[in-house]
Amino acid sequence: LNVSDTLPASLSGLSVISTTPTGTVGAITNNSSATALDVDIASIDASSSVEVVYQAVLASTTGGTNVQNTAAVTGNFPAVPGTTDDSETIAVDPVADVSLAKTSDVAFPNVGDTVTFTVSLSNAGSAAATNVSVEDVIPVGYSYSAGDAAVSVGTASLDDTSTPGTIVITAASVAVGTGVIEVTIPVTVNAPTGAAGEYENTATVTASDQFDPDSSDDSSTESVTPKNLNVTKTGTVNDGGDGVVNVGDTIDYTITVENNGLATITAITVTDTGADAGSIVCPPNSDNTIASLLANASVSCTATHTLTQAEIDSGSFSNTATATGSDPDGGTVSDNSDDPTDTTNTDGDGDGDFEDPTVVAIPQTPAFELEKTADVSGLSSPPVAGETITYSYAVENTGNVTLSDITVTEDAASFSGTGSLPTPGNESLTDNVPAGDSTDAAVDGSYDSLAPGDVVTFTASYSLTQADID
């Protein structure tokens with residue numbers, strides 16, 4: 001004999017609970033599947049019986065309908081061979097089957113970015129669910145501001161003030177359908193702290209008037225993986241060992257790129273408009289690239305900047321490095337460098353680390369030498385009153401910064417002549433290498449700008465008096 005039952009579409013998940021023989025019964029074999037009963041009975045004597053008990057799951061959409069199911073027995077019956085069957089019709093009460101799904105609009109946000117979570121309520125049953133409540137607790141990996149959540153689909157009320165950091169969604173009715181109520185929750189991504197589950201955001205159905213035949217989908221968790229690069233940069237003046245900073249000396253930089261997010265960052269490029277072309281090197285590569293940086297890993301790159309006279313004159317040089325890479329989805333992550341010795345601590349991009357430019361002080365050693373000579377070749381022997389002595393005043397810039405508004409004056413207190421005090425003027429330049437870096441707008445007794453190594457010479461004349469000769 002064979003006992004069979006092919007389930008209608010409204011039933012599924014068939015399982016045989018028991019096959020109980022009474023009297024004299026041959027071997028019983030269960031060959032059933034999830035959609036069909038199939039039990040073989042080798043033989044059954046008169047006045048004997050086999051009870052087959054099995055169950056199946058009603059689809060939630062059958063609520064409010066009638067479901068008919070038929071079982072059949074086939075075999076060789078003495079005198080009456082053939083098949084006999086029986087059917088049963090049951091009335092299914094209306095049922096609500098609420099489910100919840102949670103999604104985010106980005107998988108790999110930057111620290112400091114806004115991520116919007118969406119809580120979506122659906123009902124796979126045959127009747128509306130009433131007085132449904134959902135609770136969403138924001139974990140420590142995010143910051144939420146009360147009043148930011150909003151109902152985007154359907155009708156529901158929100159309470160995000162009774163318990164700070166918890167949003168309660170209450171729907172008087174959830175109709176049959178998919179995504180009949182949706183709520184958006186924008187949050188700001190905080191920097192990782194290492195706390196367990198700090199980015200796992202869970203929403204859970206906490207109440208409903210109706211029994212839920214499938215509670216496995218009444219809770220949903222969505223998480224994101226924050227990305228963040230932190231770049232720091234320090235610089236040291238290299239004077240070449242002579243103790244004086246000159247044109248052509250360098251600032252040597254260390255640029256450290258750290259991945260302090262949780263997502264692996266790849267194809268990182270380090271740039272710095274203030275660094276000499278080709279000078280940025282990030283080991284183990286020989287260029288300015290980093291192939292991959294795991295969470296909490298870092299690489300220290302080096303770079304140089306060759307100083308100009310204008311930079312030495314200013315007394316400092318400021319610049320910023322930038323690291324740019326890709327997250328696992330191909331999105332861009334970037335950070336400008338911070339000078340860890342600068343306590344200004346400006347967080348320009350809101351990522352939790354600072355972006356102060358690196359300012360390196362350049363030691364200045366202003367100095368000059370003045371040499372005065374007298375030309376007496378025009379004097380007679382012996383000198384005669386009215387003859388002229390020509391004086392030259394050579395001013396050499398022996399320091400490392402440009403000098404400006406240079407004038408030479410005679411010290412009247414130490415002048416022994418009885419005539420008029422000489423007035424140096426008629427300045428002229430001896431322009432040493434590099435040429436063209438000293439300038440004077442007009443020959444007016446004051447030299448405007450004298451670069452290191454250059455010499456400006458002033459002249460003056462003095463007419464002898466008889467008192468000087470006497």
Counting only N and O atoms by type, is there a donor-acceptor contact under 3.5 Å from the side chain of Ser122 to the main-chain atoms of Ser99? no
Under the side chain to side chain donor-acceptor pair (under 3.5 Å) definition, can you give me all pairs with a residue in residues 236-248, not counting sequence neighbours? Asn238-Asp252, Asp242-Asn246
Residues two or more places apart in sequence or in another chain: which of them pass side-chain contact (heavy atoms from CB on, under 4.5 Å) with Thr155? none
Between Asp218 and Thr204, does a side-chain contact (heavy atoms from CB on, under 4.5 Å) hold up when you go through it step by step? CA-CA 6 Å; Asp218 286 358; Thr204 304; 5.6 Å; no
Any chance the side chains of Ser104 and Glu222 put a donor and an acceptor closer than 3.5 Å? yes
Exceeds 12 heavy-atom contacts within 6.0 angstrom, atom CZ of Phe368: no
Start with the C-alpha distance between Val333 and Thr324, add both sets of side-chain angles, then the distance that settles side-chain contact (heavy atoms from CB on, under 4.5 Å), and finish with yes or no. CA-CA 6 Å; Val333 56; Thr324 304; over 6 Å; no
Under 3.5 Å, is there a donor-acceptor pair between the side chain of Asp97 and the main chain of Asn123? no
Applying side-chain contact (heavy atoms from CB on, under 4.5 Å), name anything that partners Ser133, two or more places apart in sequence or on another chain. Thr170, Thr206, Ala207
Would you say the side chains of Ser162 and Asp159 form a donor-acceptor pair under 3.5 Å? yes
May I have all residue pairs that pass salt bridge (Lys or Arg N to Asp or Glu O under 4.0 Å) and include part of residues 279-300, sequence neighbours excluded? none
For residues Glu51 and Thr19, is any side-chain donor paired with an opposing acceptor at under 3.5 Å? no
For the backbone of Pro434 and the side chain of Asp454, can you confirm whether one donor and one acceptor N or O come within less than 3.5 Å of each other? no
Thr130-Gln210 side chain donor-acceptor pair, cut-off 3.5 Å: yes
Can you confirm whether the side chains of Asp313 and Thr402 place a donor and an acceptor under 3.5 Å from each other? yes
Could you measure the distance from the CG atom of Asn201 to the OG1 atom of Thr221? Nearest 0.5 Å is fine. 8.0 Å
Qualifying residues under side-chain contact (heavy atoms from CB on, under 4.5 Å), relative to Ser15, sequence neighbours excluded: Gln55
Looking at residues at least two apart in the chain, or sitting in another chain, which of them share a side-chain contact (heavy atoms from CB on, under 4.5 Å) with Ala36? Thr6, Ser33
Quick check for you: to the nearest 0.5 Å, what is the distance between Ile17 atom CD1 and Leu14 atom CG? 9.5 Å
Can you tell me which residue pairs pass the salt bridge (Lys or Arg N to Asp or Glu O under 4.0 Å) test with a partner in residues 98-115, sequence neighbours excluded? Lys102-Asp136
Dump the intermediate steps for side-chain contact (heavy atoms from CB on, under 4.5 Å) on Ile185 and Thr116, then the final yes or no. CA-CA 5 Å; Ile185 305 173; Thr116 299; over 6 Å; no
Find out whether Tyr144 and Ile167 are in side-chain contact, i.e. whether some heavy atom of one side chain is under 4.5 Å from a heavy atom of the other. yes
Checking side-chain contact (heavy atoms from CB on, under 4.5 Å) for the pair Val134/Val168: CA distance, chi angles, key distance, verdict? CA-CA 6 Å; Val134 174; Val168 176; over 6 Å; no
Member of Thr250, Ile251, Leu307 meeting the side-chain contact (heavy atoms from CB on, under 4.5 Å) criterion with Val245: Leu307
Any donor-acceptor N/O pair, Asp160 side chain to Pro164 backbone, under 3.5 Å: no
So OG1 of Thr24 and CG of Asp45: to nearest 0.5 Å the spacing works out to 4.5 Å
Is there a side-chain contact between Ser334 and Thr322, using heavy atoms and a 4.5 Å cut-off? yes
Checking the side chain of Asn288 only, and the main-chain atoms of Thr271 only, is there a donor and an acceptor separated by less than 3.5 Å? no
So Tyr199 and Val189, do their side chains get closer than 4.5 Å, heavy atoms only? yes
Donor-acceptor pair, Ser337 side chain versus Ala321 backbone, under 3.5 Å? yes
Could you list all the disulfide (SG to SG under 2.5 Å) pairs where at least one residue sits in residues 327-358, not counting sequence neighbours? none
Just wondering, do Ile268 and Thr289 contact through their side chains at under 4.5 Å, heavy atoms? no
The complete set of ring pair (Phe, Tyr, Trp, His ring centres under 6.0 Å) pairs with one or both residues in residues 232-261, sequence neighbours excluded, reads none
Indicate whether any N or O donor in one side chain lies under 3.5 Å from an N or O acceptor in the other, for Asp356 and Thr344. no
Nearest heavy-atom pair of Gly197 and Pro139: which atoms, and what distance? O-CB, 3.9 Å
Under a 3.5 Å threshold, yes or no: a donor from one side chain and an acceptor from the other, between Asn259 and Asn228? no
Here the salt bridge (Lys or Arg N to Asp or Glu O under 4.0 Å) pairs for residues 316-339, sequence neighbours left out, are Lys227-Asp327
So which heavy atom on Ile181 is nearest to which on Ser173, and how close? CD1-O, 3.8 Å
Value for OG1 (Thr184) from CG (Asp148), rounded to nearest 0.5 Å, stands at 9.5 Å
Got a donor-acceptor contact below 3.5 angstrom from the Ser152 side chain to the Glu182 backbone? yes
Side chains of Thr332 and Ser326 in contact at under 4.5 Å (non-hydrogen atoms): no
Sequence neighbours excluded, which residues qualify as ring-ring contact (aromatic ring centres under 6.0 Å, His included) partners of Phe117? Tyr142
Test side-chain contact (heavy atoms from CB on, under 4.5 Å), reference Leu450, set Thr439, Asp405, Leu429, Asp437, output is Leu429
Short question: side chain of Asn432, backbone of Gly453 - any donor-acceptor pair under 3.5 Å? yes
Smallest separation among heavy atoms of Thr225 and Ala263, with atom names: CG2-N, 3.6 Å
Output the distance between atom CG (Asp440) and atom OG (Ser449), rounded to the nearest 0.5 Å. 9.0 Å
What I'd like to find out is whether the side chain of Ile138 reaches to under 4.5 Å of the side chain of Val187, using heavy atoms alone. yes
Looking at side-chain heavy atoms only, is the closest gap between Thr232 and Glu258 below 4.5 Å? no
Approximate separation, where rounding is to 0.5 Å, of Leu7 CG and Thr70 OG1: 11.0 Å
Only distances under 3.5 Å count here; give the side-chain donor-acceptor pairs of residues 292-306 to other protein atoms, sequence neighbours excluded, each with its distance to 0.1 Å.
{"residue": "Ser300", "atom": "OG", "partner": "Thr256", "partner atom": "OG1", "Å": "3.1"}
{"residue": "His305", "atom": "ND1", "partner": "Gly274", "partner atom": "O", "Å": "2.6"}
{"residue": "His305", "atom": "NE2", "partner": "Glu311", "partner atom": "OE1", "Å": "2.8"}
{"residue": "His305", "atom": "NE2", "partner": "Glu311", "partner atom": "OE2", "Å": "3.1"}
{"residue": "Thr306", "atom": "OG1", "partner": "Asp276", "partner atom": "OD2", "Å": "2.7"}

Kindly indicate whether the side chain of Tyr54, heavy atoms from C-beta on, has any atom under 4.5 Å from the side chain of Ser32. no
